[in-house]
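Some notes on the structure that comes next.
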Amino acid sequence: MTGSDLGDRSKILKEATEHIAAQVGRIVSVSEVLESEPWGFKSETTFLNQAIMVETEKAPLDVLKTILEIEMQMGRTRKNEQWTSRTIDIDILSSEDLIFQSQGLTIPHKHLHEREFALRPLSQIAPNWIHPILLRTSVQLIDELDSLKADHIMS
């Protein structure tokens with residue numbers, strides 16, 4: 001998953017995709033670019049987000065190391081704040097049915113089921129992917145979020 005809310009967002013996502021293809025693995029599928037409000041913080045800018053399915057021989061921690069290097073190459077500076085505006089953000093959402101936990105990486109992403117901006121693009125490229133902990137497809141998880149939003153609006 002790539003996202004950006006600073007600079008030439010479309011160009012940044014395209015460049016990130018090129019880096020991922022060159023340094024992580026073969027790109028199998030790419031979602032549409034979707035625009036969304038920031039999640040977890042307030043900002044005057046919106047994000048562009050895109051899901052990318054990659055086939056790789058790298059282990060999860062090696063993929064994480066590589067994407068952090070890509071972010072640095074692209075000018076991202078990490079701040080002490082957990083969520084903030086950024087030129088590029090690259091996250092690992094899932095890896096087939098893998099459940100993985102380490103100090104710096106959780107697969108599937110621990111907030112995936114709460115984030116429409118991640119689930120919508122994921123459901124475009126992997127509608128039948130099953131969350132290995134929640135045991136629901138990406139499409140079912142989107143439906144649940146939509147239902148929660150509708151319930152919230154009605155109350």
Side-chain angles (χ1 to χ4, degrees), residues 1-7 9-21 24-56 58 60-61 63-64 66-68 70-71 74 76 78 81-102 104-155:
M1 163 64 72
T2 59
S4 174
D5 76 324
L6 296 175
R9 300 168 303 160
S10 295
K11 181 180 176 188
I12 290 167
L13 292 186
K14 184 177 185 301
E15 183 180 336
T17 302
E18 291 167 358
H19 281 291
I20 290 167
V24 177
R26 185 177 75 83
I27 294 183
V28 176
S29 186
V30 179
S31 75
E32 292 177 283
V33 174
L34 301 175
E35 189 167 18
S36 67
E37 295 295 321
W39 190 90
F41 71 99
K42 295 198 183 303
S43 176
E44 294 180 15
T45 58
T46 57
F47 274 82
L48 291 185
N49 297 291
Q50 185 171 47
I52 302 168
M53 187 182 302
V54 180
E55 188 176 83
T56 185
K58 293 184 178 207
L61 289 174
V63 172
L64 177 62
T66 303
I67 63 176
L68 291 173
I70 292 169
E71 288 180 343
M74 294 184 65
R76 174 158 182 194
R78 292 192 174 267
E81 301 171 47
Q82 186 170 11
W83 295 302
T84 185
S85 290
R86 61 211 74 153
T87 52
I88 187 64
D89 184 37
I90 305 172
D91 288 324
I92 300 170
L93 299 181
S94 70
S95 180
E96 297 177 347
D97 61 354
L98 178 68
I99 298 172
F100 181 85
Q101 178 85 40
S102 74
L105 180 61
T106 301
I107 299 174
H109 192 286
K110 63 185 171 186
H111 295 293
L112 176 58
H113 63 287
E114 303 169 316
R115 294 177 168 177
E116 182 179 6
F117 71 85
L119 281 173
R120 286 225 186 270
L122 176 63
S123 68
Q124 287 181 0
I125 63 173
N128 298 318
W129 171 77
I130 297 173
H131 192 293
I133 297 169
L134 302 176
L135 302 178
R136 292 192 288 289
T137 67
S138 58
V139 171
Q140 288 171 321
L141 292 170
I142 279 289
D143 289 344
E144 289 174 14
L145 279 180
D146 288 344
S147 179
L148 286 173
K149 282 194 322 190
D151 289 346
H152 180 72
I153 291 169
M154 293 181 146
S155 55

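Below, all heavy atoms of this structure are taken into account, side chains as well, without hydrogens, waters or symmetry copies.
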When rounded to the nearest 0.5 angstrom, what distance separates [atom1] in [X] from [atom2] in [Y]?
{"X": "Asp89", "Y": "Leu13", "atom1": "CG", "atom2": "CG", "result": "10.5 Å"}
{"X": "Leu112", "Y": "Ile92", "atom1": "CG", "atom2": "CD1", "result": "12.5 Å"}
{"X": "His19", "Y": "Glu15", "atom1": "NE2", "atom2": "CD", "result": "4.0 Å"}
{"X": "Leu122", "Y": "Asn49", "atom1": "CG", "atom2": "CG", "result": "12.0 Å"}
{"X": "Met1", "Y": "Ile52", "atom1": "CE", "atom2": "CD1", "result": "9.0 Å"}
{"X": "Met53", "Y": "Ser94", "atom1": "CE", "atom2": "OG", "result": "7.5 Å"}

Query - salt bridge (charged side-chain N to carboxylate O under 4.0 Å, His left out) partners for Glu71, two or more places apart - result: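 In terms of salt bridge (charged side-chain N to carboxylate O under 4.0 Å, His left out), with neighbours along the sequence ignored, Glu71 is linked to Arg76, Arg78.
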Exercise: identify the closest heavy-atom pair between [X] and [Y]:
{"X": "Thr87", "Y": "Ile12", "result": "O-CG2, 3.2 Å"}
{"X": "Leu98", "Y": "Pro60", "result": "CD2-CG, 3.7 Å"}
{"X": "Arg115", "Y": "Trp39", "result": "NH2-CZ3, 3.1 Å"}
{"X": "Ser36", "Y": "Phe117", "result": "OG-CB, 3.4 Å"}
{"X": "Ala16", "Y": "Thr2", "result": "CB-CG2, 4.1 Å"}
{"X": "Ser123", "Y": "Val139", "result": "CB-CG2, 4.1 Å"}

Query raised in the report: Counting N and O atoms only, with roles assigned by atom type, does the side chain of Ser138 sit under 3.5 Å from a partner on the main chain of Leu119, one being a donor and the other an acceptor?
Result: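 Side chain of Ser138 to backbone of Leu119: no pair is present.
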Query raised in the report: Is the side chain of Thr56 donor-acceptor paired with the backbone N or O of Gly25 at a distance under 3.5 Å, no angle test?
Result: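 No; zero donor-acceptor contacts below 3.5 Å.
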Query raised in the report: Does any non-hydrogen side-chain atom of Leu6 lie less than 4.5 Å from one of Ile88?
Result: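 No, side chains not in contact.
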Query raised in the report: Under a 4.5 Å cut-off applied to non-hydrogen side-chain atoms, are Val63 and Leu105 in contact?
Result: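 They are not in side-chain contact.
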Go through the structure and list residues passing side chain to side chain donor-acceptor pair (under 3.5 Å) with [X], not counting sequence neighbours.
{"X": "Thr46", "answer": "Arg9, Glu35"}
{"X": "Gln124", "answer": "Glu32"}
{"X": "Thr45", "answer": "Asp5, Ser43"}
{"X": "Asp91", "answer": "none"}

**Report entry** Chi angles and distances behind the side-chain contact (heavy atoms from CB on, under 4.5 Å) call for Glu116, Asp146
**Finding:** CA-CA 9 Å; Glu116 182 179 6; Asp146 288 344; 4.2 Å; yes
Contacts under 3.5 angstrom, residues 128-135 side chains, donor-acceptor by atom type, not counting sequence neighbours:
unit_1, atom_1, unit_2, atom_2, d
Trp129, NE1, Glu96, O, 2.8
His131, ND1, Ile133, N, 3.2
His131, ND1, Leu134, N, 3.1

Query raised in the report: Would Ser10 and Val33 satisfy side-chain contact (heavy atoms from CB on, under 4.5 Å), going step by step from the backbone distance to the final call?
Result: CA-CA 8 Å; Ser10 295; Val33 174; 5.5 Å; no
Query raised in the report: Should the pair Lys14-Glu18 be classified as a salt bridge under the 4.0 Å nitrogen-to-oxygen rule?
Result: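 Counted as a salt bridge, because a side-chain N and a carboxylate O are separated by less than 4.0 Å.
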Query raised in the report: Knowing that exactly one of Ile125, Thr17, Leu34 qualifies, which makes a side-chain contact (heavy atoms from CB on, under 4.5 Å) with Gln50?
Result: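 Among Ile125, Thr17, Leu34, the one that satisfies the side-chain contact (heavy atoms from CB on, under 4.5 Å) with Gln50 is Thr17.
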